[in-house]
Structure formats: C-alpha cells, structure tokens
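Every heavy atom of this structure was used, including side-chain atoms; hydrogens, water molecules and symmetry mates were not.
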2 protein chains.
Amino acid sequence: MQTKNTTSFAILGALASRASSGYDLKKFLEQQIGHFWKISYGQVYPLLKVLAQANLASVKEQTQKGRPPRYLYKITPAGKSELRNWLHSPLDPESPNLDREVMLRLFFGRFSEANMRTRQVEQLKAWAQGRADQHAAAGKALKQQHESNPDLPFWLITASSGTAAAIALADWCDQTLTALKGLK
Amino acid sequence: MQTKNTTSFAILGALASRASSGYDLKKFLEQQIGHFWKISYGQVYPLLKVLAQANLASVKEQTQKGRPPRYLYKITPAGKSELRNWLHSPLDPESPNLDREVMLRLFFGRFSEANMRTRQVEQLKAWAQGRADQHAAAGKALKQQHESNPDLPFWLITASSGTAAAIALADWCDQTLTALKGLK
DNA sequence: AATCACATATATCATATTGATATATTCATC
DNA sequence: GATGAATATATCAATATGATATATGTGATT
C-alpha cells in the first residue's frame, strides 16, 4: 500500500484522464483493463487516501442530497510528474509479469514519449520470444527425461500452452509496434 | 487453506505421480506449471499439513545424518479419490480463470477420463471464443463512445491484447483437442 | 402502489497469498 | 579453504482478495 505499488500507478493514470471517485475508478479500470489487471475496493479506497496524503491527488467532497458523500479525486501536478516518471522508468526483464506491466503502461500511453513506448514494446517482444524458446526447450527436455512416463503427453500439452501464449504475445507486440508507428 | 483450495489439488495431483517433500513439490510445480499456476512455500507447507490431517496424504519422516528431517508425503486412496472427484467436477463458466483451471486439470490428465478431458477443453474453447467476441465488441464500443478522446488509440491497443489472447487460447484448444484424440 | 433488481457510493474485514528471509548442512567448484 | 548453489523446512510482515454491510435512488415489473 505504498506509492510505488503498481496498482497505485494504474489509479494515478486513470485520474490523469478524468477526475473520479473510488467507485468510478474501480468500474472504469475493471472494464478497461480488468482482463490483465485486477482491482478491488480493498485496494482502491486505501490507495486513494495514500495518493492524496502524498499530494499526488487532491480530494473534494461532494455532498449530495440524501446520498452518502462522493469524494472526487483529481491528479495534481506532482501526481502527473510521478506518473510520467513511472511510465519512463526502465523495465525489469526479470519480472514474471512484464507483459502486464507493459500493457498497463501502454494503456496510459498518452502520457509517455512515443519512442519510449516503442522501445518498451520491443523489449517485451524480445522477452516473449525468449519465453517461447524456453518453453520449447522445456518440452524437448520433458520428452527425453520422461520418455516412458504416462504423464508425459499431458505435461507436453501444458508446456505447449506456454509456448503458444508466448508466441501470441510476440505477435501482438508486432501488431502493436505497427499501430504505434501510425500515431507518431 | 482449506481442502477445496485449488492449489491443494495441484499438490494432490503432483503427489499422485510421485511421493515428495514440500521442497520437491514446490520445485516441480514451479518448473512445470509455474507459467500459469503460482506456488510458494507459504502455501505448500501448510497445505501439506492440511492434506495429511484430512487423510488425503500420509507423511513419513526421513531422518538424515546432520540435515534437517525430510517429510515425505504420499497420496492415500482417499486422496486419489478426492483428486478424481475434482478432475471430473463440472467447470464454472463464470470463473475468470477458466483457462488456468482447465490447464491444471489437463496437467493431471492421466487421472481423468478421456471423454471428460475432451469435454472440458471444448468448454474452454467456447469460453475463449466468447471472450474474443466480448473484447472485439468492447473495442467497437470504445471507438464510438470515445471518438475524439486522445486516449482512444492506447485503449484500443490494450483491448486488442484481450482479443489476441482469447483467440490464441481458442487455437490452443483446437491443437489440444487434436492431441487428445491421439491418446484415446 | 408495491416490489424487485440494479446502480451508486464508501468502507471494512476475515482469509489467503506473496515474497522474502532465517536456519543449517552438504556438495561442487574455483 | 572459500564461495556459492542446492537441499530442506518454516515463518512472517505486507498485500490482495472477495465478500459483505450500509444506505439511497432509479427504472421496470407486477
């Protein structure tokens, strides 16, 4: 629940495009990036408070007739700066979730430099290809080491899912690189 | 940390093929299914104890010269029965992780019926196609609702990753169905 | 007019998970 | 003989999850 938490950047990024309440944020992020980034109320509300306390976001209470108050959060200049720093920070190729990290950054691509975005997608592509190779090698090793193991065919099937996913990711990187070129 | 925990079935499944210590299990599962199923010592050791207490696994302490004792876990008949029950239990199409669930079941495919395996992969394929359609529809909706929003191109890119992943999953299901036919 | 389901809105909490670390020994390598 | 990796279990603070409580408005159905 610190400021460096990646989910807090997801929130900061969303606030950069539109002031929101916690409820808004959760709904928006769930809908747009829910397929690769999970978000829950248990994260959103505490993180918004942390963000506000660190002066990366400002709060305004909107009293409504009858209803409970709505807290509208806006990103501050310091928050925008923090967001940009994160978007331009180097990727960690050791991260087991580099794909999700790059996708999250791309979602907020409006706030990053075009050449940085491209470089990060290229890095992700290399990472994906490396993974595909690793999974292919693991499959070969399985065949040799468990030649007569009755589990082998099933283990090969799940190994193939890793290869397939990695190749699909590399392909998506290619498409994305083309799409990004069209934006420059 | 209950018996119904899916990770406990992953452990049970691994034990079905070979008696193991917690250390063995973690290393094995991490290597073989780590790309879609995370496992940590914080899960393995407590779950093994739960499994043993529920009589789904038996423990034998192997004292070693100098070294700390090694606890060797074996699956019991009740454990095998529990594993099979899980492997043949109906899939929840609402699950956000149906892909990982089916892959885990397939990894332990040696212990399930061929026609059940096939049916579950077919269900996963239908689920993946549904997801692909949903993401495609979401992309179209984005284009209409945020026509002049400067975020649009980036939001479309991340939406496309959902479609791409879902299509790749459906393709993998097809390959897997073919592979499974070869086993019958 | 009543009822039902759903959307709005914030907040909390028990439970589960993560990721790192402590401990202690053997083995291979430099 | 020193360094690092592998073996092996265990724990724990920090986080995240998923469900639920609370309270009201809105729109649809009966």
Side-chain angles (χ1 to χ4, degrees), chain A residues 1-11 14 18-31 33-52 57 59-73 92 94-97 100-101 104, chain B residues 1-11 14 18-31 33-52 57 59-73 92 94-97 100-101 104:
Chain A
M1 216 170 70
Q2 292 124 30
T3 320
K4 58 186 174 103
N5 181 304
T6 310
T7 294
S8 72
F9 288 115
I11 293 173
R18 32 128 102 176
S20 314
S21 67
Y23 182 82
D24 289 341
L25 274 171
K26 203 239 176 184
K27 205 174 53 153
F28 174 72
L29 290 176
E30 201 165 55
Q31 194 160 78
I33 61 170
H35 57 103
F36 68 90
W37 206 272
K38 301 297 162 207
I39 198 137
S40 66
Y41 289 132
Q43 288 172 285
V44 168
Y45 288 111
L47 282 176
L48 276 172
K49 282 180 185 170
V50 171
L51 253 31
V59 211
K60 213 183 275 176
E61 187 177 341
Q62 297 184 311
T63 37
Q64 302 170 111
K65 18 124 204 178
R67 287 203 180 174
R70 186 172 188 269
Y71 298 98
L72 193 73
Y73 287 85
D92 172 14
E94 299 301 311
S95 164
N97 302 317
R100 295 170 54 237
E101 169 98 21
L104 188 61
Chain B
M1 217 170 68
Q2 294 124 26
T3 321
K4 56 184 178 111
N5 181 304
T6 310
T7 294
S8 71
F9 289 115
I11 293 173
R18 31 128 101 177
S20 315
S21 68
Y23 182 81
D24 290 340
L25 274 172
K26 203 239 176 185
K27 204 173 55 151
F28 173 72
L29 290 176
E30 200 166 54
Q31 195 161 77
I33 61 170
H35 58 103
F36 68 90
W37 205 273
K38 301 298 161 204
I39 198 138
S40 66
Y41 289 131
Q43 288 173 285
V44 169
Y45 288 110
L47 282 176
L48 277 172
K49 284 180 184 169
V50 171
L51 252 32
V59 211
K60 213 184 272 176
E61 186 176 342
Q62 297 183 312
T63 37
Q64 301 170 108
K65 16 123 205 179
R67 286 202 180 175
R70 187 172 186 269
Y71 298 97
L72 192 74
Y73 287 84
D92 173 13
E94 299 301 312
S95 165
N97 301 319
R100 295 170 54 239
E101 170 97 21
L104 188 62

Inset, instruction - Please work out if Ser21(A) contacts a base, only the sugar-phosphate, or nothing of the nucleic acid, heavy-atom cut-off 4.0 Å. - result: sugar-phosphate

Inset, instruction - Check whether any side-chain heavy atom of Leu29(B) lies under 4.5 Å from a side-chain heavy atom of Val44(B), and answer yes or no. - result: no

Inset, instruction - Find the distance between OG (Ser20(A)) and CZ (Arg70(A)) and round it off to the nearest 0.5 Å. - result: 7.5 Å

Inset, instruction - Measure from the side-chain N and O atoms of Glu30(A) to the backbone N and O of Lys27(A), and report whether any donor-acceptor pair falls under 3.5 Å. - result: no

Legend entry - Nucleotide dA16(C), atom C1' - distance to CH2 of Trp37(B) in whole Å: 13 Å

Legend entry - Inter-axis angle, terminal five-pair segments of the helix from dA1(C)-dT30(D) to dC30(C)-dG1(D) [nearest 10°]: 30°

Legend entry - Close side-chain approach of Ile39(B) to Ile11(B), heavy-atom, < 4.5 Å: yes

Legend entry - Rounded distance (Å) that lies between atom P of dC6(C) and atom NZ of Lys27(A): 15 Å

Legend entry - Most 5' of Ile39(A) and Tyr73(B) on DNA chain D, judged by nearest nucleotide: Tyr73(B)

Inset, instruction - Mark yes or no for whether Thr7(A), through its side chain, and Asn5(A), through its backbone, hold a donor-acceptor pair below 3.5 Å. - result: no

Legend entry - dT18(C) phosphate, OP1 or OP2, under 4.0 Å from Gln43(B) side-chain N/O: yes

Inset, instruction - For the residue pair Thr6(A) and Trp37(A), establish whether any side-chain heavy-atom pair is separated by less than 4.5 Å. - result: yes

Legend entry - Residue list, side chain to side chain contact (heavy atoms under 4.5 Å, CB included) with Tyr41(B), at least two apart or on another chain: Tyr23(B), Lys26(B), Tyr45(B)

Legend entry - Glu30(A) CD - dA7(C) C1' separation (whole Å): 14 Å

Legend entry - Interatomic distance, Leu72(A) CG vs dT8(C) C1' [rounded to whole Å]: 14 Å

Inset, instruction - Round to a whole Å and report the spacing from CG of Leu47(B) to P of dT9(D). - result: 15 Å

Write down the protein N/O and nucleotide N/O pairs, taken from nucleotides 19-21 of chain D, whose separation is under 3.5 Å; answer none if there are no such pairs.
none

Legend entry - Nucleotide dA7(C), atom P - distance to CZ of Arg70(A) in whole Å: 17 Å

Inset, instruction - For the side chain of Tyr45(B), starting at C-beta, report the closest nucleotide among dA16(C), dA10(D), dG19(C). - result: dA10(D)

Inset, instruction - Give the nucleotide from the list dT17(C), dA6(D), dA7(C) with an atom nearest to the side chain of Tyr23(B). - result: dA6(D)

Legend entry - Spacing between Lys38(A) atom NZ and dT18(C) atom P, to the nearest angstrom: 15 Å

Legend entry - Atom pair distance, as rounded to whole Å: CG in Leu48(A) and P in dA11(C): 9 Å

Inset, instruction - Using a cut-off of strictly less than 4.0 Å, decide whether Asn5(A) has a side-chain nitrogen or oxygen near OP1 or OP2 of dA16(D). - result: yes

Inset, instruction - List in chain and number order the residues that pass side chain to side chain contact (heavy atoms under 4.5 Å, CB included) with Glu94(B), two or more places apart in sequence or in another chain; answer none if no residue qualifies. - result: Asp92(B)

Inset, instruction - Could you grab the distance from atom CZ of Phe36(A) to atom CG of Asn97(A), nearest 0.5 Å is fine? - result: 11.5 Å

